Protein chains: 2
Amino acid sequence: MATKTHCLTPATNQECKVAQLTLQDTLDVVGGKWKLVLISILRGGKLKFRELSREAGISPRVLSKELKDLEMHDLVTRTVQDTRPITVEYELTPYSETLSDMIIAMHAWGKQHREKVIHKTVS
Amino acid sequence: MATKTHCLTPATNQECKVAQLTLQDTLDVVGGKWKLVLISILRGGKLKFRELSREAGISPRVLSKELKDLEMHDLVTRTVQDTRPITVEYELTPYSETLSDMIIAMHAWGKQHREKVIHKTVS
DNA sequence: CAGGATCCCAACCGATACTG
DNA sequence: CAGTATCGGTTGGGATCCTG
């Protein structure tokens, strides 16, 4: 095949494959319907389980799973408060800040895209 | 407000909600398992349906659906070639370039994250 | 309140076979 | 080759109830 492939950086097909896998790594960690939304919400500060559930509009069962995943990837911390009844606070880790560029880019794109769609619809 | 795009400091709940919806808009368009991978692959140049299927490791049925979605959002073009048998080429639109920042950020994060995980595992 | 257990439905997705 | 149709497995996720 014609190897005029041009990925993110000029590269061989091999490197293209690697780039693809790298992208998929990212999607494995923060892909899906909720993870980035939750992280985005937590950027506003720590929240309790229930608050988070309400903010995101996500059921407890799914939220619980998502938070476990995020915790496993060192993106959020889970802290049990010694109250009565107990409450649990979730907070972003310093490591989660590495996602900032991505989130900002996605947010910017969504905004831009919405405006484009509106233009198209109106015209 | 132009400086801080996120609700870190004193932002209203309203603005947080809007930010969340904007992020979800993006996820609606390019979220899921395949869309960004396909776009990433097509950055290497136009490809025929089968080539794309092989490159991504995606079944024809799913690929067909994904491409329709992408085409609908003006991210790829579908061009029928007058060959025998006919072939169809898929190519990124100029508009798809607006996703560059996002894809680059995601790629960079995946790379960085993999290295971090390796460190953790080794240590 | 946190979050696990259960039930159940819908979407997703892969494999394969088939048609133009 | 491009793409659809069919089937069947897997996953996602909402609702509800339940316990510590």
Side-chain angles (χ1 to χ4, degrees), chain A residues 1-2 20-21 23-42 45-73 75-92, chain B residues 20-21 23-42 45-73 75-92:
Chain A
M1 59 184 294
Q20 182 183 329
L21 290 176
L23 189 60
Q24 281 171 327
D25 285 346
T26 302
L27 293 174
D28 285 346
V29 178
V30 294
K33 187 176 181 180
W34 294 114
K35 301 211 170 61
L36 286 174
V37 170
L38 293 175
I39 289 171
S40 183
I41 290 174
L42 285 174
K46 62 177 76 169
L47 286 179
K48 298 189 186 60
F49 186 88
R50 194 120 207 299
E51 294 170 335
L52 199 44
S53 169
R54 202 182 58 74
E55 283 287 320
I58 182 177
S59 70
R61 196 181 66 87
V62 177
L63 178 58
S64 174
K65 180 191 156 293
E66 298 291 294
L67 286 172
K68 272 179 188 160
D69 290 345
L70 291 174
E71 198 184 353
M72 193 174 55
H73 287 294
L75 292 169
V76 305
T77 57
R78 177 181 181 279
T79 313
V80 178
Q81 305 292 315
D82 194 11
T83 53
R84 227 204 77 76
I86 61 154
T87 56
V88 179
E89 288 191 340
Y90 288 91
E91 188 173 10
L92 292 184
Chain B
Q20 182 183 329
L21 290 176
L23 189 59
Q24 281 172 327
D25 284 346
T26 302
L27 292 173
D28 284 346
V29 177
V30 294
K33 187 175 180 180
W34 292 116
K35 300 211 171 62
L36 285 175
V37 170
L38 293 174
I39 289 172
S40 183
I41 291 173
L42 285 173
K46 61 177 76 167
L47 287 178
K48 298 188 185 63
F49 185 87
R50 196 124 205 299
E51 295 171 333
L52 199 45
S53 169
R54 201 180 59 73
E55 284 285 322
I58 184 178
S59 71
R61 195 181 66 87
V62 178
L63 178 58
S64 174
K65 180 192 156 294
E66 298 291 294
L67 287 171
K68 271 178 187 160
D69 290 346
L70 291 174
E71 196 185 353
M72 193 173 58
H73 287 294
L75 292 169
V76 304
T77 56
R78 177 181 181 279
T79 314
V80 178
Q81 305 292 314
D82 194 10
T83 53
R84 225 202 76 75
I86 60 153
T87 57
V88 180
E89 288 191 338
Y90 288 91
E91 188 174 11
L92 292 183

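So that the names make sense, note that chain A is the first sequence line, chain B the second, and so on, each numbered from 1. Values in this document were obtained by computation on a predicted structure and should not be read as measured data.
- Taking CD of E91(A) as the start and CG of L75(A) as the end, the distance is 13.5 Å to the nearest 0.5 Å.
- The phosphate of dG4(C) (OP1 or OP2) has a side-chain N or O of S64(A) nearer than 4.0 angstrom.
- Counting only heavy atoms from C-beta outward, the side chains of I58(B) and V37(B) never approach each other to under 4.5 Å.
- R61(B) comes within contact range of at least one nucleobase, with a heavy-atom separation under 4.0 Å.
- The distance between atom CG of L67(B) and atom P of dT4(D), rounded to the nearest whole Å, is 10 Å.
- Between P60(A) and V88(B), the residue anchored closer to the 5' end of DNA chain D is V88(B), taking for each the nucleotide with the nearest heavy atom.
- dC13(C) atom P lies 11 Å from atom CG of L38(B), rounded to whole Å.
- Tested against L92(A) for a side-chain contact (heavy atoms from CB on, under 4.5 Å), the candidates T77(A), L38(A), I41(A), I39(A) yield a single pass: I39(A).
- Candidate nucleotides dC1(D), dA2(C), dC13(C) were compared by shortest atom distance to the side chain of P85(B), and dC1(D) ranks first.
- In the set dC1(C), dC1(D), dG3(D), the nucleotide with an atom closest to the side chain of R50(B) is dC1(D).
- DNA chain C is contacted by both K68(A) and I58(B); K68(A) maps to the nucleotide lying nearer its 5′ end (nearest heavy atom per residue).
- Atom CZ in R84(B) sits roughly 14 Å away from atom C1' in dA2(D) (whole-Å rounding).
- Protein atom CD of E66(A) is 14 Å distant from nucleotide atom P of dG3(C), rounded to whole Å.
- Checked against dC12(C), dG14(C), dA2(D), the side chain of K65(B) finds its nearest nucleotide in dC12(C).
- Dashed line: the shortest gap from a side-chain N or O of Y90(B) to OP1 or OP2 of dG3(D) is under 4.0 Å.
- Here the nucleotide nearest the side chain of K48(A), chosen from dT4(D), dG3(D), dA2(C), is dA2(C).
- The separation between R78(A) atom CZ and dA2(C) atom P is 10 Å, rounded to whole Å.
- Rounded to whole Å, atom P of dG3(D) lies 12 Å from atom CD of Q81(B).
- Two residues are said to be in side-chain contact when any heavy atoms from C-beta on lie closer than 4.5 Å; L42(B) and L70(B) fail this criterion.
- As rounded to whole Å, 14 Å separates atom C1' of dA11(C) from atom CG of D28(B).
- Relative to the side chain of W34(B), the nucleotides dG14(D), dG14(C), dA2(D) differ in distance, and dG14(C) lies closest.
- Side-chain nitrogen and oxygen atoms of K33(B) include at least one within less than 4.0 Å of the OP1 or OP2 phosphate oxygen of dG14(C).
- Under the 4.5 Å side-chain criterion, counting only non-hydrogen atoms from C-beta, L67(B) is not in contact with R78(B).
- One can place CD of E51(A) at 10 Å from P of dC1(C), the figure rounded to the nearest angstrom.
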